[in-house]
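Quantities reported herein were computed from a predicted structural model and do not represent experimental measurements.
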Amino acid sequence: MLEELKEQVYEANMMLVEYNLVTFTWGNVSGIDRKSGLMVIKPSGVEYSKLKPSDLPVLDLEGNQVEGDLKPSSDTPTHLELYRRFPTIGGVTHTHSQWATCFAQAGRAIRTYGTTHGDYFDGDIPCTRKMTPEEIAGQYELETGHVIVETMKGIDPDRMHAVLVHSHAPFTWGASAKGSVEAAVVLEYIAMMAYHTEQLSGGAESTERMQEELLRRHFDRKHGPNAYYGQKK
């Protein structure tokens with residue numbers, strides 16, 4: 001079942017290792033087949049070096065496992081909530097990558113300081129509020145999805161492909177599993193640059209954001225209705 005999607009999600013998970021976004025098993029990628037409404041995700045706690053496409057569990061959007069012997073990632077309810085609420089996305093990635101996680105632990109959005117940021121993210125990358133004791137004690141992973149969706153209210157998920165979960169780590173998404181990993185790779189890179197930019201400028205409060213016009217130009221030349229970056233398909 002969904003063998004092609006399993007292969008794509010497997011390869012996307014391997015990209016986390018290739019780009020040094022995971023330590024041990026601290027991360028996962030999923031992908032969804034919108035036609036069938038089924039999601040493929042990394043199994044919980046399986047080492048990347050031992051992972052095979054056939055290991056990947058298949059679930060429906062209600063969380064019922066329809067194929068696979070291994071337990072899906074503990075973050076599965078978060079992934080499912082994002083797929084339910086953001087119907088245009090095709091892949092979700094969660095990591096504890098170092099620089100982006102530093103911003104999450106500080107409860108800080110990553111501000112738009114330059115065109116590298118603007119090429120991929122249309123504005124500041126938001127950070128959620130702290131979760132309440134009741135949310136943490138309840139269906140924690142599902143509530144993580146809820147707080148991400150709450151933070152994204154009024155923000156187009158096709159123009160902002162990432163959120164930092166306060167005191168936790170980043171989630172990213174894209175049109176495919178691979179696209180969600182690409183967003184995670186860029187997020188980590190710009191988080192590192194944002195930190196050093198603020199250090200060079202004397203702190204966050206004294207660091208100016210890039211011009212809004214420059215942000216618009218760089219994001220839209222890649223992702224806008226009249227995008228012209230790259231070759232014609």
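With sequence neighbours excluded, no residue forms a side chain to side chain donor-acceptor pair (under 3.5 Å) with E7. Here T144 pairs with nothing under the side chain to side chain donor-acceptor pair (under 3.5 Å) rule; sequence neighbours left out. The side chain to side chain donor-acceptor pair (under 3.5 Å) check on R217 picks up Y228, with sequence neighbours excluded. Judged as a ring pair (Phe, Tyr, Trp, His ring centres under 6.0 Å), and not counting sequence neighbours, the contacts of F219 are H223. Scored by the side chain to side chain donor-acceptor pair (under 3.5 Å) test, E212 finds R216 as partners (sequence neighbours excluded).
Remark: side-chain polar atoms of Q65 are paired, donor with acceptor, to backbone N or O of L70 under 3.5 angstrom. The closest donor-acceptor contact from the side chain of T78 to the backbone of E141 lies under 3.5 Å. Looking at N13, its side chain never comes within 3.5 Å of a backbone N or O of Y10 through a donor-acceptor pair. Using a distance-only test at 3.5 Å, with no hydrogens or angles considered, a donor-acceptor pair links the side chain of S206 to the main chain of S201. In this structure, R108 contributes its side chain and C102 its backbone to no donor-acceptor pair below 3.5 Å. No side-chain donor-acceptor contact under 3.5 Å links N28 to the backbone of K42. With E3 contributing its side chain and M1 its backbone, the two residues share a donor-acceptor pair below 3.5 Å. Proximity of a side-chain donor or acceptor of E135 to a complementary backbone N or O of Y140 within less than 3.5 Å is not detected. When atom types are taken as modelled, the side chain of Q105 and the backbone of H166 share no donor-acceptor pair closer than 3.5 angstrom. For R34 (side chain) and G90 (main-chain N/O), no donor-acceptor pair under 3.5 Å exists by modelled atom type.
Sorted by first and then second residue, the pairs that involve residues 69-95 and meet ring pair (Phe, Tyr, Trp, His ring centres under 6.0 Å), not counting sequence neighbours, are F86-W173, H94-H96, H94-H168, H94-F171.
Counting non-hydrogen atoms of other residues, nucleotides and ligands closer than 6.0 Å to NZ of K71 gives a total of 12 or fewer. By the 6.0 Å contact criterion, OH on Y195 is open, its count of non-hydrogen atoms from other residues, nucleotides or ligands being 12 or less.
Considering CE of M152 and CE of M160, their distance stands at 7.0 Å, rounded to 0.5 Å. In this structure, T115 OG1 and I190 CD1 are separated by 11.0 Å, a value rounded to the nearest 0.5 Å.
Cluster membership check: L5 shares its hydrophobic cluster with V181, using side-chain heavy-atom separations under 4.5 Å among Ile, Leu, Val, Met, Phe, Trp and Tyr. A continuous path of ILVMFWY side-chain contacts below 4.5 Å connects I89 to L164, so both sit in one hydrophobic cluster.
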*Going through the distances and angles, do E208 and R111 end up as a salt bridge (Lys or Arg N to Asp or Glu O under 4.0 Å)?*
CA-CA 9 Å; E208 292 187 7; R111 297 174 178 176; over 6 Å; no
